[in-house]
Amino acid sequence: MSILPSLPRPLLGAHWDGQGTSFALLALGAQRVWVCLFDSPNGSAETHRVPLEGNAEGIWSVYLPEIRPGQLYGFRLQGRWNPHQGKMTHPGQLLLDPYAREIAGSLVWKPSLFASSQREVVNRKEAFSGDLDSVPGDLDTAPWVPKARVVDNAFSWGEDTPPRVPWGETVIYECHVKGLTASHPDIPPPLRGTFAGMSQAPILEHLTSLGITAVELMPIQVSITELRLANLGLTNYWGYNPLAFFAPDSRFCATDNPTLEFKELVRALHGAGIEILLDVVFNHTAEGNHQGPILHLKGMDNPSYYRLRRDDPSRYEDFSGCGNTLAIGREPARRLVLDALRYWVEEMHVDGFRFDLAPVLGRDQMAFDAAGSFFRELAQCPSLEGIKLIAEPWDLGPKGYQLGNFSPPWAQWNDRFRDSVRSFWRGDSGSSPEMATRLTGSSDFFPRDATASINLVACHDGFTLRDLVSYERRHNLANGEEGRDGHGHNLSSNWGTEGATTDPAIGKKRLKIQRNLLATLAFSRGTPLLGHGDELGRTQQGNNNAYCHDSELTWIDWKLDEERQGLVDFCREVFALRRRFRLLRGLAPLVEAPREGRDRGLWLTAQGESLCGDDWQNPDLQTFGLLLEGEEMDRLLLLFNSSSQAQRFVLPPPGAGFCWRALLDTALFPAQGHPGPEAYLQDHSLQLLIPSRPRRSIEELSHEL
């Protein structure tokens with residue numbers, strides 16, 4: 001096999017240039033490095049083993065002229081092996097390229113190849129001090145370590161253009177590729193559950209009919225199921241256990257070309273005017289804690305990639321709850337993450353990212369720092385300028401709750417919006433003041449820009465929207481943790497009975513509360529995020545932590561009855577109203593200046609009087625109005641009643657020559673006409689009204705003529 005010198009600073013990973021492939025790896029503590037070539041993804045026999053040349057920066061590289069796309073490979077390193085000191089580099093360990101663009105072979109752990117053999121291999125490695133040429137066969141981990149595959153990145157993008165939707169016009173749809181498409185009757189069966197299935201017209205048409213401008217895909221990078229789940233016959237369906245940051249997961253593929261299929265999805269979404277955001281997990285990896293597998297970073301340079309405990313470097317600091325934490329303050333880990341972001345934007349054309357447990361990215365040391373090294377370097381990267389950046393603003397580290405503390409241009413998931421809206425519509429005493437703050441942009445956390453607040457009432461984590469009004473307790477026994485997992489504080493109500501019911505009164509109440517939650521989401525300042533299937537009445541039967549179920553429990557049921565079709569129609573209506581009125585999006589100037597974070601319009605009592613000051617301290621306040629005014633007759637009136645009693649509401653003057661007309665009533669959908677000088681709000685209901693010219697009778701028109 002021919003070997004040519006590599007470039008002084010080669011791109012990390014494997015790169016085919018049309019004639020051959022360069023391989024490069026960053027391994028600061030390695031003494032020797034080999035690239036190992038394979039014919040079979042699950043085999044142990046290497047067809048070739050080629051040494052790499054190191055440079056002063058700790059980059060090892062080689063160029064192989066005859067290696068083409070499709071070639072399977074891995075790395076072996078010789079270095080220090082002392083797990084008690086956090087050193088885990090050993091030539092008997094085949095390692096996956098952390099820059100792998102595609103992964104070949106099965107990623108389902110077999111306990112017989114992992115649980116016992118891993119511990120035995122570790123024990124034998126501790127007694128072994130030779131180099132690669134003398135490694136005993138029983139130390140070789142190649143059969144159960146995934147292989148990387150050389151990729152041809154060529155793709156005809158045509159006229160693909162990023163939609164670049166402004167934040168003020170953005171509506172996000174969080175979805176799981178398989179969950180969205182696995183049961184859709186109008187998608188060809190071979191394409192269900194895949195990127196190709198999501199590219200189909202029925203999905204694109206559904207999204208555009210809702211007014212969605214961006215899809216936020218739950219993790220699509222290659223992930224693996226934890227051994228504990230595998231032993232229970234379960235799977236990590238959500239994918240928050242990442243193995244390869246650059247590689248689309250083949251479990252979402254109808255073909256054997258994940259890169260091509262994902263690019264076709266991006267092109268299809270962009271063609272429909274929809275941005276694609278990736279939910280990325282850069283806080284930990286699937287290598288887990290000190291008992292977890294050695295797959296790539298542990299064996300390459302464990303102390304450079306992970307946060308090790310100072311008092312015991314054989315253990316990991318765990319700010320993720322998953323066993324380890326990436327050491328983002330160190331250059332190798334930070335470069336890996338930034339290179340991955342650049343790859344997904346430059347090569348795969350994605351439009352932004354939602355960062356799981358994002359405070360980890362700001363922990364150069366122990367404390368969170370919004371001006372940390374990762375944030376500084378990301379801001380300086382030209383190819384990442386202008387993309388959407390969304391933080392999940394909490395982790396398990398010290399002072400892990402950081403809502404409002406990420407600097408522009410970052411947006412953030414707003415759980416305070418979720419909890420406040422749920423509490424209000426459940427009828428909780430004293431919930432109105434915070435509900436008002438959330439409606440008007442959460443200025444207590446986002447004083448400069450309300451669009452930085454990603455508003456949500458339900459998402460992948462927790463109850464679905466339908467379950468939020470059907471269950472008061474989590475029903476998670478199928479998760480194998482005796483019902484202990486998942487949130488215990490859901491701010492939900494079953495409205496009379498736990499779970500499914502045939503009682504028409506309860507069913508009607510639940511449907512109305514769902515409409516209230518959807519309308520509040522659509523009419524609040526900030527950026528709305530809709531959980532997939534919530535517009536369709538999706539249920540997980542009370543499971544509020546369904547991360548480990550790849551089944552009909554988590555897939556969307558697209559067979560709609562009259563009630564569920566009505567909910568879809570309602571959802572389309574409220575987001576159409578949001579698009580129609582700038583006041584609802586917070587893009588038009590308002591008459592009233594903000595007061596105490598709640599007043600971004602004129603707040604009204606049910607008697608039509610101004611609501612301010614001590615009125616907000618009344619714990620029984622459950623009915624109020626919000627008058628939004630822009631220029632001239634740019635005016636909207638929102639009325640809220642979270643009490644269990646119907647309420648009459650005295651309306652303010654709509655303007656000379658106008659009367660109020662109800663555009664939306666969550667108790668009567670579609671809304672019915674002109675309410676007159678008073679509005680009648682049913683219990684637990686919301687109305688949206690607009691000034692309108694009164695309709696004149698035929699007699700009046702005839703008299704004028």
Side-chain angles (χ1 to χ4, degrees), residues 421 424-425 427 429 431-433 435-436 439-440 505 508-509 511-513 515-520 522-524 570 573-574 577-578 580-581 583-584 590-592 598-630 632-697 699-700:
V421 172
F424 176 80
W425 285 118
S429 174
S431 60
S432 290
M435 169 68 163
L439 278 170
T440 52
K508 183 178 179 180
K509 176 63 70 66
L511 186 59
K512 182 168 58 172
I513 301 300
R515 289 197 291 255
N516 289 337
L517 292 165
L518 288 170
T520 304
F523 298 161
S524 295
F570 180 85
E573 176 69 12
V574 293
L577 289 170
R578 180 183 176 87
R580 176 180 170 186
F581 295 107
L583 281 172
L584 292 177
L590 297 175
V591 171
E592 294 289 325
R598 282 193 289 274
D599 296 354
R600 292 180 180 271
L602 179 63
W603 297 95
L604 301 169
T605 68
Q607 292 74 40
E609 300 172 350
S610 178
L611 174 62
C612 58
D614 293 341
D615 297 332
W616 288 110
Q617 307 308 314
N618 180 2
D620 297 326
L621 177 65
Q622 293 182 298
T623 304
F624 58 83
L626 173 59
L627 178 63
L628 300 173
E629 295 185 306
E632 298 180 354
M633 285 307 296
D634 189 9
R635 180 178 298 177
L636 293 172
L637 179 60
L638 282 163
L639 305 179
F640 300 87
N641 178 23
S642 66
S643 75
S644 58
Q645 303 296 322
Q647 300 286 336
R648 292 193 178 277
F649 203 107
V650 178
L651 301 177
F658 288 84
C659 64
W660 288 109
R661 178 167 63 91
L663 288 180
L664 189 86
D665 186 340
T666 58
L668 297 170
F669 180 71
Q672 300 177 0
H674 300 263
E678 291 186 345
Y680 180 80
L681 277 74
Q682 288 193 20
D683 64 285
H684 299 100
S685 67
L686 177 157
Q687 290 184 20
L688 172 67
L689 297 89
I690 185 174
S692 175
R693 296 283 186 184
R695 296 176 181 174
R696 289 178 290 176
S697 66
E699 291 79 6
E700 290 174 319

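Every value quoted in this text rests on a predicted model; they were computed, and no experiment measured them.
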_Within the 4.5 Å heavy-atom criterion, are His684 and Asn516 side-chain neighbours or not?_
yes
_Set of residues satisfying side chain to side chain contact (heavy atoms under 4.5 Å, CB included) with respect to Ser642, sequence neighbours excluded_ = Phe424, Trp425, Gln622
*Drop me the distance from Lys512's NZ to Asp665's CG, to the nearest 0.5 angstrom.*
9.0 Å
*Quick one: CG on Leu663 to CD on Glu573, what's the gap to the nearest 0.5 Å?*
8.0 Å
_As an exercise, state the distance from CG of Leu689 to CG of Leu636, rounded to the nearest 0.5 Å._
9.0 Å
*Closest heavy-atom pair and its distance - Val650, Glu678*: CG2-OE2, 4.0 Å
_side-chain hydrogen bond (donor to acceptor under 3.5 Å, both in side chains) against Ser524, all qualifying residues, sequence neighbours excluded_ = none
*side chain to side chain contact (heavy atoms under 4.5 Å, CB included) between Leu668 and Gln682, worked out*: CA-CA 9 Å; Leu668 297 170; Gln682 288 193 20; 4.2 Å; yes
_Heavy-atom side-chain proximity of Phe658 to Arg693 below 4.5 angstrom_ = yes
*By side chain to side chain contact (heavy atoms under 4.5 Å, CB included), which residues pair with Gln647, not counting sequence neighbours?*
Thr623, Asn641, Ser643, Gln645
_Which heavy atom of Cys659 sits nearest to which heavy atom of Pro654, and what is that distance?_
CA-CG, 3.7 Å
*Looking at residues at least two apart in the chain, or sitting in another chain, which of them share a ring pair (Phe, Tyr, Trp, His ring centres under 6.0 Å) with Phe581?*
none
*Heavy-atom side-chain proximity of Thr440 to Trp603 below 4.5 angstrom*: yes
*Who are the side-chain hydrogen bond (donor to acceptor under 3.5 Å, both in side chains) partners of Ser685, not counting sequence neighbours?*
none
*For Thr666 and Ala519, work out which heavy atoms get closest and say how close.*
CG2-CB, 4.3 Å
*If we only count heavy atoms from C-beta on, is the Lys509 to Asp683 side-chain gap below 4.5 Å?*
yes
_How close do Arg580 and Ile690 get, counting heavy atoms only, and between which atoms?_
NH2-CD1, 4.4 Å
*Minimum heavy-atom distance Arg635-Leu627, with the two atoms named*: CG-CD1, 3.6 Å
*Is Pro691 close to Trp660 at the side-chain level, that is, under 4.5 Å between some pair of heavy atoms?*
yes
*How many angstroms lie between CG in Leu637 and CG in Leu602, if you round to the nearest 0.5 Å?*
9.5 Å
*Please name all residues satisfying ring pair (Phe, Tyr, Trp, His ring centres under 6.0 Å) with Phe640, sequence neighbours left out, ordered by chain then number.*
Phe624
*Side-chain heavy-atom pair Leu439, Phe523 within 4.5 angstrom cut-off*: no
*State the OG-CG distance between Ser432 and Asn618, to the nearest 0.5 angstrom.*
8.5 Å
*From CG (Leu604) to CG (Leu639), nearest 0.5 Å*: 8.5 Å
*Looking only at heavy atoms, which two atoms of Thr605 and Ser610 are closest? And how far apart?*
CG2-O, 4.1 Å
*Does the side chain of Leu621 come within less than 4.5 Å of Leu611's, by heavy atoms?*
yes
*Thr520 and Met435, any side-chain heavy atoms less than 4.5 Å apart*: yes
